[in-house]
Amino acid sequence: QVQLVESGGGLVQAGGSLRLSCAASGRTFSTYAVGWFRQAPGKERGLLAAISGSGGVIYYADSVKGRFTISRDNAKNTVYLQMNSLKPEDTAVYYCAADKLFRYGSSWSDWGQGTQVTVSS
């Protein structure tokens, strides 16, 4: 089990950029896959991007492909989500999650508390 803390959210204008961080506890972080999710009001939580423990496998949802980049620094126990060309429809609470398995759904074992991202038009 790992504890996760997201940071880096905030208010940005459309077309701008933000970088989210997901800091994890635990010595075995490099054995965990990490995913970034978001949930807008009235909508289900959905997977945006995921990265394997080694960083060798990466997934992006079509909605963010080409605009968002996931990366990790296992020496710092941190996974990042670089978000460029932000749109008002990217407004949501963003969560990171970790699991020993690389998953494409929402059934990840450990979750952070979320960070709000608001994109103004």
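If you take OG on Ser120 and CG on Leu86, they are separated by 10.0 Å, rounding to the nearest 0.5 Å. Here OG of Ser109 is found 6.0 Å from OH of Tyr32. Values are rounded to the nearest 0.5 Å. Atom OG of residue Ser30 and atom CG of residue Asp73 lie 11.5 Å apart, to the nearest 0.5 angstrom. Atom CD of Gln13 and atom OG of Ser121 lie 9.5 Å apart (nearest 0.5 Å). Rounded to the nearest 0.5 angstrom, Gln1 CD and Ser25 OG are separated by 8.5 Å. The CD atom of Glu6 sits 4.0 Å away from the SG atom of Cys96 when rounded to the nearest 0.5 Å.
Here the side chains of Ile51 and Val79 are in contact, with some heavy-atom distance below 4.5 Å. Counting heavy atoms from C-beta on, the side chains of Val117 and Thr91 never come closer than 4.5 Å. Inter-residue side-chain proximity for Tyr80 and Arg72 is flagged as unmet; no heavy-atom pair is nearer than 4.5 Å. Residues Val5 and Gln113 are in side-chain contact: their nearest non-hydrogen atoms beyond the backbone lie under 4.5 Å apart. The closest side-chain heavy-atom distance from Thr118 to Val12 is not below 4.5 Å. Residues Leu81 and Phe68 form a side-chain contact, since some pair of their non-hydrogen atoms from C-beta on lies under 4.5 Å apart. The side-chain heavy atoms of Phe29 and Thr78, taken from C-beta on, include no pair separated by under 4.5 Å.
For Gln82 (side chain) and Thr69 (main-chain N/O), no donor-acceptor pair under 3.5 Å exists by modelled atom type.
Across every non-hydrogen atom of Ser17 and Ser85, the tightest pair is OG-N, 4.4 Å. For the residue pair Cys22 and Leu4, the shortest heavy atom distance occurs at SG-CD2, 3.9 Å. Between Ile58 and Tyr60, the shortest heavy-atom contact is CG2-CE1, 3.4 Å. Asp99 approaches Leu101 most closely through the heavy-atom pair OD1-N, 2.8 Å. Nearest heavy-atom pair, Leu20 versus Met83, reported as atom, atom and distance to 0.1 Å: CG-CE, 3.8 Å. Nearest heavy atoms, Leu48 versus Arg38: CD2-NE, 3.5 Å.
Connection of Val34 to Val2 is not established within any shared hydrophobic cluster, with ILVMFWY side chains joined at heavy-atom distances below 4.5 Å, either directly or through further cluster members.
Here Phe37 sits in one hydrophobic cluster together with Leu47, Val57, Tyr59, Val93, Tyr95, Phe102, Tyr104, Trp108, Trp111; the rule is ILVMFWY side chains under 4.5 Å apart, joined directly or through other members.
Shown here are the salt bridge (Lys or Arg N to Asp or Glu O under 4.0 Å) partners of Lys65, two or more places apart in sequence or in another chain: Asp62.
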Check: Between Val119 and Lys87, does a side chain to side chain contact (heavy atoms under 4.5 Å, CB included) hold up when you go through it step by step?
Finding: CA-CA 6 Å; Val119 184; Lys87 307 174 183 178; 5.5 Å; no
